[in-house]
Every structure is written in structure tokens, then in C-alpha cells.
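Here is the structure we will look at, set down as C-alpha cells.
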Protein chains: 2
Amino acid sequence: MRISELSRRSGVPITTIKYYLREGLLHAGRATAPNQAEYDESHVRRLRLVRALVGVRGLSVGAAKEVLGGVYEREGDPHRVLGLVLGATADAADTGDAAEDAESPRMPEVDALLDALGWQVSDGAPGKAVVARTLDTLAELGTDYDWKRLVPYGELAARIAAVDLDGIEGIRDPLEMAERALVLTVLLEPALMALRRLAQEHQSAARRGAGPEGPDAPGAPAGGVSPSPAP
Amino acid sequence: MRISELSRRSGVPITTIKYYLREGLLHAGRATAPNQAEYDESHVRRLRLVRALVGVRGLSVGAAKEVLGGVYEREGDPHRVLGLVLGATADAADTGDAAEDAESPRMPEVDALLDALGWQVSDGAPGKAVVARTLDTLAELGTDYDWKRLVPYGELAARIAAVDLDGIEGIRDPLEMAERALVLTVLLEPALMALRRLAQEHQSAARRGAGPEGPDAPGAPAGGVSPSPAP
DNA sequence: CCATGATAGATAGTGGCACTGTCCACTAGC
DNA sequence: GCTAGTGGACAGTGCCACTATCTATCATGG
């Protein structure tokens with residue numbers, strides 16, 4: 001198909017498609033002439049993904065490019081894909097200043113946290129820098145927040161990751177698996193945080209009504225957390 | 001103190017402080033003359049918080065204003081504070097278009113999800129719209145993603161919320177409690193997602209090496225992830 | 001008293017980013 | 001041939017988070 005049909009089917013304006021092509025978010029079509037190129041389903045699919053990442057999720061164009069590059073270049077290796085995809089994501093706020101990422105005064109605390117959780121991750125994992133920076137920010141705010149308080153969060157994060165990996169377990173096609181991994185991790189983030197807030201609201205109301213007792217509300221519905229197998 | 005000292009102590013340029021004053025992110029000082037005002041510790045504290053929200057977390061100025069307004073206007077009611085603070089946060093991508101938030105074709109699915117989880121939340125909770133939009137995006141991408149797949153995430157979100165609420169349980173001072181709630185929910189978000197990614201990496205490697213078994217690493221050969229003390 | 005510097009308030013400007021408009025040479029398809 | 005469409009290039013737009021500058025005070029030291 002040509003660019004006008006690509007635009008029609010993806011809902012993205014032609015000029016924006018050209019922009020994405022320039023920026024490397026979309027792979028070029030097969031050129032049939034100096035001013036003619038042929039696009040296919042993969043372009044439609046990828047355009048929709050780009051719009052989801054940039055428009056819905058709010059990723060910057062640069063971050064989206066990195067993420068997509070990671071997915072489509074190593075589609076054969078799910079583990080590698082996971083690492084790259086999620087590494088490039090990090091957060092909207094960490095654009096630039098990649099140099100100081102590696103060195104943070106709180107990195108030892110992060111290592112202690114990972115050790116306490118029993119996790120084995122690569123040294124350069126960007127997530128470590130994010131955690132370090134968060135600890136740093138909390139300290140600057142005067143909050144006495146120790147890395148130990150992140151341990152329960154880490155344990156729950158492990159369960160979330162288990163659900164994530166279960167979600168891509170059965171996919172055979174490498175490309176589809178990579179895309180699914182990307183979608184599950186990146187696009188689900190706002191939903192997860194929204195669920196957290198909804199749960200906070202629910203439990204806050206429940207605790208208010210039932211007294212300041214333990215985390216699980218006494219008789220109340222309290223969130224219906226089923227006892228999933230031990231982490 | 002005067003504005004120059006406020007600038008020095010908070011690390012925020014004077015011009016930026018004026019900007020925040022204009023935008024309502026910082027409460028005005030006590031005016032002592034047409035061109036003189038007195039600032040105090042509360043301004044220093046709040047400025048640091050603003051910088052954390054806007055700079056580190058990447059919140060828009062408008063969103064930060066809403067969040068802070070919610071915190072400092074109803075400091076007496078923790079439950080109310082939670083609701084407002086977390087409501088205003090939502091996500092960076094949902095600025096504008098607040099009108100269509102209420103009506104989403106997928107809202108019934110979200111209600112079904114909340115029902116399955118046993119949660120009781122207010123109808124206008126912004127988190128619901130975020131979840132609805134995520135389901136919508138996933139559907140547009142052709143992913144066959146049912147709301148039922150969010151149930152395990154919801155259960156884990158409930159546990160996270162329980163940890164969150166535990167973290168603000170014992171605080172007596174209402175203002176401090178409100179601030180802590182804000183910090184725990186908003187500033188911790190990137191860290192939580194980073195932990196999720198780190199856990200994915202760890203477990204992906206573990207599953208790869210040990211087959212499709214449990215999320216915990218088998219023997220954990222303890223590579224270079226030792227908790228080295230401060231350099 | 002008055003020079004000096006800081007201050008509040010207002011207005012305009014800056015730089016970055018994600019597009020968007022426009023122009024050109026050329027091609028496809030009638 | 002003729003018209004609509006195309007790829008490529010480049011400038012322009014709108015938004016946003018600041019930032020610079022200007023003015024009319026005000027505070028203080030000498």
C-alpha cells in the first residue's frame with residue numbers, strides 16, 4: 001500500500017508518518033521508485049504501537065525509538081528483548097543525563113535491596129538507577145526512608161513480574177512475543193498504578209470504617225487478595 | 001526569610017520561584033510591604049516537594065498544582081487527602097480531554113473488574129478512566145486482552161496499597177501525613193515500576209536457566225551483586 | 001538624606017519537543 | 001498529456017517550563 005492508505009488505516013496523518021520515518025520510529029517502506037514506496041501490514045501494526053507508546057503512554061519519541069529498536073532487532077531472544085525493552089523505558093523524567101546514571105551515591109543501598117530480595121540483575125540495569133534516584137529524592141525531602149522499606153514492594157513487584165512473564169509464556173512467534181512483552185510492561189504501567197490508587201481508596205475507606213488494624217481488613221471485603229503461592 | 005534566601009536554601013532560582021508563585025504551586029509569603037514578603041520553612045519544604053514532583057517525577061505544573069492543592073487544603077482528613085491526591089495524579093498523558101474521561105465504552109468492564117476484586121470506589125475515580133483507556137488501547141492494538149487478566153494485577157495492587165497505608169499509619173501530624181501520602185504514592189511510582197522491570201529481568205533469566213518453574217532463583221550463585229559498602 | 005541593592009509584580013522572550021505546512025521534482029494511472 | 005499523489009527537505013506552529021528584563025517601590029548603611 002502507499003502512504004495515503006497507510007495513513008487512512010492507521011489514523012495517523014501523512015505528515016506525521018513522514019516525521020516518524022525521519023525519526024526512525026517507523027521502518028522505511030520498500031522503495032519502488034525515487035518517490036514511491038510500498039508499505040505493508042507491519043507498518044500499520046507498528047504505527048499503532050507507536051501511537052500507543054507516544055500518545056497514550058506519553059513516551060518521548062526518542063524513548064519510543066529505543067524501545068522499538070530493542071524489540072525488532074532481537075526478536076529471537078525473549079530474554080534479551082525483555083532486558084532491552086524495559087531498560088530503555090525507565091521513565092519520562094530520565095531523558096538525558098545518562099552519564100550520571102551509573103554513578104549514584106545510593107547504589108550500594110540498591111544493591112543491598114536486590115541482595116535482600118535475592119535478585120540477580122545486570123549491573124547496568126537502568127531500573128537500579130531509578131530506584132537509587134528515588135531513594136535520593138526521598139532523602140532530600142527529609143523523609144527518613146530506608147531501602148528496607150522497599151523490600152515488601154520488591155516482593156510484590158516479583159509477583160507482578162511473574163504474572164507478566166506468564167502472560168507471554170505461550171507465545172511462539174518471536175515478533176509477537178516481543179510486542180506482547182512491550183505492551184504488557186509499558187502500556188500496563190499506568191493501569192497498574194491506577195489500580196494501586198483505586199485499591200488505596202478502597203482500603204482507606206475500609207480501614208476508616210473498621211478501625212486502624214492490620215493491613216488486611218478484618219471482616220470487610222478488603223481487596224480480596226487471594227493467597228497466591230509463596231514468592 | 002526573603003526570596004533570595006528561599007532561593008538559596010531550596011536551590012530553586014528566584015525567577016522560577018516567582019513562576020511557581022504565579023502558577024499557584026507555592027503559597028504566597030506574608031506580605032510586609034507592596035514589594036516585600038516574608039517566607040518561612042513551609043515554603044522551603046513545599047518548594048522541595050514541587051521540585052521532586054515536577055523535576056524528578058515529571059509531573060506537569062498543572063497536575064502538581066492540583067495535587068498540592070488537594071494535600072494542603074484538606075490536611076485534616078487523611079482519607080479525603082488520599083482520594084484527592086491520587087485522583088489528581090493519574091498520568092502525564094491524560095492532561096486535557098477531561099470531559100471524555102467519564103464516558104468510556106469500556107467502563108462496564110472496569111466496573112466488572114472492581115466487582116470481581118470486591119473493591120468499593122467512588123464513581124468518578126480517575127483511576128477507573130485510566131484502566132478503561134488502557135483496555136481500549138490494548139483492544140485497538142489487536143491484543144486479545146480481557147479485563148479478567150487484570151484481576152491478578154488488581155490483587156497485587158491491593159497488597160501494594162496495604163503497604164502504602166501501613167507507611168502512613170502512625171503519623172499524627174495531618175500535614176506530615178498528607179505529605180507522606182503524596183510522596184509514597186507519587187514519587188514511589190517510578191521506583192515500583194523499576195522494581196517490576198528488575199524482577200522481570202531476574203525471573204526471565206531464572207526461568208530460562210531453570211525451566212518454567214517458580215519465580216525464585218534456584219541456588220543464586222551470587223555474582224557481582226554483593227552489597228559493597230560506600231566507596 | 002541618599003545611594004545601593006533587593007524585591008514584587010508584570011510582560012515578553014527562550015529553548016525544546018512533537019508535530020504540521022509548504023514546496024519541489026517526480027511518478028502513477030487514467 | 002494531465003492531475004492527483006508521492007518522497008524528501010525544511011521552515012513554521014503551538015505548547016510548556018522556565019528565564020530575562022523592566023518598573024516601581026522598599027530597606028538599609030553611610
Side-chain angles (χ1 to χ4, degrees), chain A residues 1-40 43 47 49-68 91-98, chain B residues 1-40 43 47 49-68 91-98:
Chain A
M1 75 189 78
R2 294 186 294 182
I3 201 173
S4 56
E5 189 179 348
L6 178 59
S7 168
R8 196 174 40 73
R9 293 202 34 204
S10 64
V12 180
I14 290 182
T15 50
T16 305
I17 293 178
K18 288 183 177 182
Y19 169 64
Y20 289 158
L21 285 168
R22 275 202 306 281
E23 298 300 317
L25 274 88
L26 181 65
H27 49 294
R30 185 176 51 86
T32 61
N35 67 334
Q36 218 77 44
E38 179 77 8
Y39 305 95
D40 57 28
H43 294 87
L47 258 184
L49 192 51
V50 166
R51 290 303 271 204
L53 293 178
V54 172
V56 177
R57 180 54 226 283
L59 235 56
S60 80
V61 165
K65 176 184 175 181
E66 241 180 300
V67 169
L68 290 168
D91 204 64
D94 67 355
T95 46
D97 303 329
Chain B
M1 74 188 77
R2 294 187 294 183
I3 201 172
S4 57
E5 188 180 350
L6 178 59
S7 168
R8 195 175 40 73
R9 291 201 37 201
S10 64
V12 180
I14 289 182
T15 51
T16 305
I17 293 178
K18 288 183 175 182
Y19 170 63
Y20 288 160
L21 285 169
R22 276 202 305 281
E23 297 300 317
L25 275 87
L26 182 64
H27 49 295
R30 186 176 52 86
T32 62
N35 67 334
Q36 218 77 45
E38 179 76 8
Y39 304 95
D40 57 28
H43 294 87
L47 259 184
L49 192 51
V50 166
R51 291 304 270 204
L53 293 178
V54 172
V56 177
R57 179 56 227 282
L59 234 55
S60 80
V61 166
K65 176 184 175 182
E66 243 180 299
V67 169
L68 291 168
D91 203 65
D94 67 355
T95 46
D97 303 330

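Hydrogens, waters and symmetry mates are skipped; everything else that's a heavy atom, side chains included, is used.
When the side-chain nitrogen and oxygen atoms of A:Tyr20 are compared with OP1 and OP2 of C:dA18, none of them lie within a distance under 4.0 Å. Contact annotation: A:Ser60 does not reach the phosphate of C:dC17 (side-chain N/O to OP1 or OP2, under 4.0 Å). Side-chain N/O atoms of A:Tyr39 include one lying less than 4.0 angstrom from OP1 or OP2 on D:dG7. Between A:Thr16 and the phosphate of C:dT20, there is a side-chain N or O to OP1/OP2 separation shorter than 4.0 Å. Of the side-chain N and O atoms in B:Ser4, one or more sit less than 4.0 angstrom from OP1 or OP2 of C:dT7.
In this structure, the CD atom of B:Gln36 is 6 Å from the P atom of D:dA27, given to the nearest Å. Taking atom CD1 of A:Ile3 as the reference point, atom P of C:dA28 lies 16 Å away to the nearest angstrom. Note: CG (A:Asn35) to P (C:dG29) measures 12 Å, nearest angstrom. The distance from atom CG of A:Leu59 to atom C1' of C:dA18 is 13 Å, rounded to the nearest whole Å. Taking atom CD1 on A:Ile17 and atom P on D:dG7, their separation rounds to 9 Å, with Å as the unit. Atom CG of B:Leu25 and atom C1' of D:dA17 are 11 Å apart (whole Å). If you take CD of B:Glu38 and P of C:dA8, they are 10 Å apart, rounded to a whole angstrom. What separates CG of B:Leu26 from P of C:dA8 is a distance of 11 Å, to the nearest Å.
Counting only heavy atoms from C-beta outward, the side chains of A:Ser7 and A:Val12 never approach each other to under 4.5 Å. Considering only heavy atoms from C-beta on, B:Arg51 stays 4.5 Å or farther from B:Val56 through its side chain. Between B:Leu53 and B:Leu25 there is no side-chain heavy-atom pair separated by less than 4.5 Å. Under the 4.5 Å side-chain criterion, counting only non-hydrogen atoms from C-beta, A:Arg2 is not in contact with A:Leu6.
Donor-acceptor pairing under 3.5 Å, judged by distance alone, is absent between the side chain of A:Lys18 and the base of D:dA9.
Along DNA chain C, the nucleotide nearest A:Tyr19 and the nucleotide nearest A:Pro34 are compared for position; the residue whose nucleotide lies closer to the 5' end is A:Tyr19.
When heavy atoms are screened at a 4.0 angstrom cut-off, A:Thr15 is found touching base atoms of the nucleic acid. As judged by a 4.0 angstrom heavy-atom cut-off over every strand, B:Ala37 is placed among residues touching the sugar-phosphate backbone only. Residue-level contact check: A:Arg22 touches the bases, meaning some heavy atom is under 4.0 Å from a base atom.
No donor-acceptor contact under 3.5 angstrom links the side chains of A:Tyr39 and A:Arg9, judged on distance only.
With C:dT7, D:dT25, C:dC19 as the choices, the nucleotide that has an atom nearest any side-chain atom of B:Arg2 turns out to be C:dT7. Comparing D:dC18, C:dA8, C:dA28 by their nearest atom to the side chain of B:Arg51 picks out D:dC18.
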